[in-house]
Amino acid sequence: MKADGDVLVVLAVQFAIMSLLALGGANAVVPEIHRQAVDLRSWMTERQFADMFAISQAAPGPNVMIVTLVGYHVAGMWGAVVTTLAMCGPTAVLAAYLSRTWDRFRHKPWRIVVQAGLVPISVGLVSASAIVLTGVAVHNLAALCVAAATAALAYWTRWNPLWLIGLAGLAGFFDLV
Amino acid sequence: MSDTTGASPTEPSAPYVPSHAELFLAFVKITVMGFGGTLPWTRRMFVEEKRWMTAEEFNDVYALCQFLPGPNIVNLTAVFGSRMRGATGALAAWAGFLVLPFALMVTVGVLYAQYGDVDALRRVLIGIAAAAAGLLIATAAKMVVPLFTAGIGPAPFVVLGVAAAVGVMRWPLLWVLAVLVPVSIALAWWVRR
């Protein structure tokens, strides 16, 4: 847990790029975080990545906070600060800035075409996240059953997802997963 | 909007302009109440409770944040703050929204570093991770199904292309998007022509 300057620069650059590529929100960049942190730089194991995603989904606050956990794991307190600022800063500045001119271009034909082109991209990214995370988190039949049951209940009912997460955690505690 | 020190609010649609401290605290409160989803609470506080914004203004801001990349809800806080109190207002709202989740995540990070290998916690996290994967599958399905049933068009092919390139091939996101975003926008333009 050392705040190595080189690591902080890598974290800052990579997460700032990711924030600008996060079309459709934080869930869109889960595969890229995994690629960077597990495959490319060996900052953590597959299991640790699965843990961090699980925690960020179960904890209150926006899903994007997984980057804070990753940053802390990689480089301690400064790592957490750097990843959070890099992920949440640039696009917030962009949004605040563009909101002044939004009224001028929101009804322009090009804006509508660009958005129509971006929708399937973000849907594809969330689908990719689901594929990657299933590969990371599901390693046996019991876990597959939990994932499938949670997906079905979340898709067809309006139950609060926190109940489903709580039940799955309980099942894990009693060694059923 | 650039002058944030003016005492008298000039916009006729906003009878009351919240101070920086009020903006900060409003978003702190939203993160406390919004366990498992902050967007509904943001709307409730800004439109219904405090009446800092009309429903139309809220929808307008939300549309912008869906159009832009990045964590949508975080961007939303910056746009709200900026509309109320300019750049420093954006900072106050943004910081108010992030301060508690950040503190919580660092605390969890410390605990995880200490107790991540404890057997009982390992088992709980394995269960939660499986459920979290399931939730993401449901989120993806809710987005995919309307696109695939909307009729013949390029969208399903773009979805499959992105999902395969990023999810299966594990190619770098930057290169995948550098190719497929222009392709997808061109296809959308060609279909509408």
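In the text below, chain A, chain B and the rest are named by the order of the sequence lines, each starting its count at 1. Keep in mind the model is a prediction, meaning the values are calculated, not measured.
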Working for side-chain contact (heavy atoms from CB on, under 4.5 Å), residues A:Phe15 and A:Val82: CA-CA 9 Å; A:Phe15 280 88; A:Val82 164; over 6 Å; no
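Within the 4.5 Å cutoff, side-chain heavy atoms of A:Phe49 are placed close to those of A:Ile33. Looking at heavy atoms from C-beta onward, B:Phe67 lies in side-chain contact with A:Val114 at the 4.5 angstrom threshold.
Of the atoms belonging to A:Gln115, heavy atoms from both backbone and side chain fall under 4.5 Å from chain B. Both the backbone and the side chain of A:Arg35 come within contact range of chain B, judged by heavy atoms closer than 4.5 Å. Residue A:Val81 touches chain B through both its backbone and its side chain, counting heavy-atom pairs closer than 4.5 Å. For chain B, the nearby parts of A:Ser127 are the backbone and the side chain; heavy atoms of each come within less than 4.5 Å. Proximity to chain B (any heavy atom under 4.5 Å) is shown, for A:Asn63, by neither the backbone nor the side chain. Interface remark: A:Ile131 contributes side-chain atoms only to the contact with chain B (heavy atom separation under 4.5 Å). Looking at A:Ala143, both its backbone and its side chain come within 4.5 Å of chain B, counting heavy atoms on both sides.
Contact count against chain B (heavy-atom pairs under 4.5 Å) is highest for A:Val123 among A:Val64, A:Leu69, A:Val123. Of the listed residues (A:Leu133, A:Asp39, A:Ile121), the greatest number of heavy-atom pairs within a distance under 4.5 Å of chain B belongs to A:Ile121. Of the listed residues A:Arg47, A:Met18, A:Gln36, the one with more heavy-atom pairs under 4.5 angstrom with chain B than any other is A:Arg47. Most heavy-atom pairs under 4.5 Å with chain A: of the set B:Lys142, B:Arg170, B:Arg192, B:Met143, this distinction falls to B:Arg170. Between chain B and the options A:Thr91, A:Leu23, A:Leu40, the largest number of non-hydrogen pairs under 4.5 Å is found for A:Thr91. With respect to chain B, the highest number of heavy-atom pairs below 4.5 Å among A:Ala116, A:Pro62, A:Cys88, A:Gly71 belongs to A:Cys88. Your options are B:Ala188, B:Ala131, B:Ala140, and the one with the most heavy-atom pairs under 4.5 Å with chain A is B:Ala131. No other option in B:Leu174, B:Ile185, B:Leu64 has as many heavy-atom pairs under 4.5 Å with chain A as B:Leu64. With chain B as the partner, the residue from A:Pro109, A:Ala128, A:Ala148, A:Ala149 showing the most heavy-atom pairs under 4.5 Å is A:Ala128. Ranked by heavy-atom pairs shorter than 4.5 Å toward chain A, the options B:Leu91, B:Thr77, B:Val110, B:Leu76 are led by B:Val110.
For A:Phe105 and A:Trp110, the distance between ring centers is under 6.0 angstrom.
Of the N and O atoms on the side chains of A:Asn27 and A:Ser129, not one donor lies less than 3.5 Å from an acceptor on the other residue.
The only member of B:Leu104, B:Val106, B:Val99 that meets side chain to side chain contact (heavy atoms under 4.5 Å, CB included) when paired with B:Phe102 is B:Val106.
Enclosure of atom CZ in B:Phe58 by more than 12 non-hydrogen atoms of other residues, nucleotides or ligands within 6.0 angstrom is indicated.
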